[in-house]
Amino acid sequence: MTDDETPKPSPSLWRENHGNLLLTVIGGIFLVGAIILFYNQNKFHKPRFPDSRAIQTTTDVSEVNNSAVGNDTDVSILVIGAANSSGTVRIAVYDSIVSFNEPAKAIIKASVSIIDAQATWSIEKSQLPEKFAIATFHDENDDGQLNRNRLGIPTERYGFSRNARGVTGPPSYDQAVLEKSKISESLEISIR
């Protein structure tokens, strides 16, 4: 028997059934499935922040700024942390979980001038509901909306009552809610 006539070993069952190819296909399916699960678990949800319809002027700004602060029935709301004195600070008051951050459902809306990177707004305590939350933002370019980048993250400063902050978006109503009976003559909201 010559070297040319040496019997060739028969392929193993693994090779005969294309085992490496099947293993690669199964691994690929597993990897694609893992990526899909990871994506769905960590999907970026666009934050829900008030837009221009949520915080538009329904009260005359000159009327708001000239109202008597210090009256026993007035609550003075100081919004601090504006980037500069350009534009206005927009404020919206919500009275329930259902209406919170829903533009058409804000019960009180105002736009206030900025002086020295802060804005002061006063409102009669009797106009406030027993429980309420406040959302505010610095409308720096005065276009009537909270501007955002391509990912939906606000580029203008914003804040909520109780200086509440959400982890991946705005806080919940419960985090920002205030009780009228427990508030003093002034509230301070930091925007950032």
Visitor: When rounded to the nearest 0.5 angstrom, what distance separates CZ in R162 from OG in S190?
Guide: 14.5 Å

Visitor: Quick check against the 3.5 Å criterion: does S161 have a side-chain atom that pairs as donor or acceptor with the backbone of A176?
Guide: yes

Visitor: Tell me whether H138 contacts the main-chain N or O of I191 through its side chain, where contact means a donor paired with an acceptor under 3.5 Å.
Guide: no

Visitor: V25 and L23: same hydrophobic cluster, using ILVMFWY side-chain contacts below 4.5 Å?
Guide: no

Visitor: Within the 3.5 Å criterion, strictly below it, is a donor on S76 or S122 matched to an acceptor on the partner's side chain?
Guide: no

Visitor: To the nearest 0.5 Å, what is the distance between OG1 (T24) and CG (L31)?
Guide: 12.0 Å

Visitor: Verify the cluster assignment for I80 and I183: are they in a single hydrophobic cluster under the rule of side-chain heavy atoms below 4.5 Å apart?
Guide: no

Visitor: Applying the side chain to side chain contact (heavy atoms under 4.5 Å, CB included) test to I91, which of I108, I189, T136 qualifies?
Guide: T136

Visitor: Any side-chain heavy atom of N101 sitting closer than 4.5 Å to one from F160?
Guide: yes

Visitor: Quick check against the 3.5 Å criterion: does D139 have a side-chain atom that pairs as donor or acceptor with the backbone of D143?
Guide: yes

Visitor: Can you give me the closest heavy-atom contact between S111 and T88, atom names plus distance?
Guide: OG-OG1, 3.3 Å

Visitor: D74 and E185: side-chain contact (heavy atoms from CB on, under 4.5 Å), yes or no, with the steps?
Guide: CA-CA 7 Å; D74 284 353; E185 295 174 3; over 6 Å; no

Visitor: Any side-chain to backbone donor/acceptor pair from T155 onto N147? Under 3.5 Å, distance only.
Guide: yes

Visitor: Are any of the side-chain heavy atoms of V98 and K105 separated by less than 4.5 Å?
Guide: yes

Visitor: Please check this pair: side chain of R192 against backbone of G159, looking for a donor-acceptor N/O pair closer than 3.5 Å.
Guide: no

Visitor: Looking at R90 and D142, does any basic side-chain N land under 4.0 Å from a carboxylate oxygen?
Guide: yes

Visitor: Which heavy-atom pair separates S85 from I114 by the least distance, and what is that distance?
Guide: CA-CG2, 3.7 Å

Visitor: Consider only side-chain heavy atoms of I, L, V, M, F, W and Y, link residues closer than 4.5 Å, and tell whether I97 and V177 are in one cluster.
Guide: yes

Visitor: For the aromatic rings, using the six-membered ring if either is Trp, is the centroid distance between Y173 and F100 under 6.0 Å?
Guide: yes

Visitor: Does L178 form a side-chain contact (heavy atoms from CB on, under 4.5 Å) with K131? I'd like the steps, not just the answer.
Guide: CA-CA 6 Å; L178 297 166; K131 288 187 175 185; over 6 Å; no

Visitor: Quick one: are E156 and N141 in side-chain contact, heavy atoms under 4.5 Å?
Guide: yes

Visitor: Test of understanding: clusters of I, L, V, M, F, W, Y form through side-chain heavy atoms closer than 4.5 Å, transitively. Do V79 and L187 belong to the same one?
Guide: yes

Visitor: Could you verify whether a donor N or O on one side chain and an acceptor N or O on the other, from N84 and E140, lie under 3.5 Å apart?
Guide: yes

Visitor: Side-chain contact, heavy-atom cut-off 4.5 Å: E179 with S181?
Guide: yes

Visitor: Measure the spacing between CG of L128 and CD1 of I77 and express it to the nearest 0.5 Å.
Guide: 6.5 Å

Visitor: Tell me, do R148 and I153 make a side-chain contact under 4.5 Å, heavy atoms counted?
Guide: no

Visitor: Rounded to the nearest 0.5 Å, what's the gap from CG on L78 to CH2 on W121? Could you check?
Guide: 13.0 Å

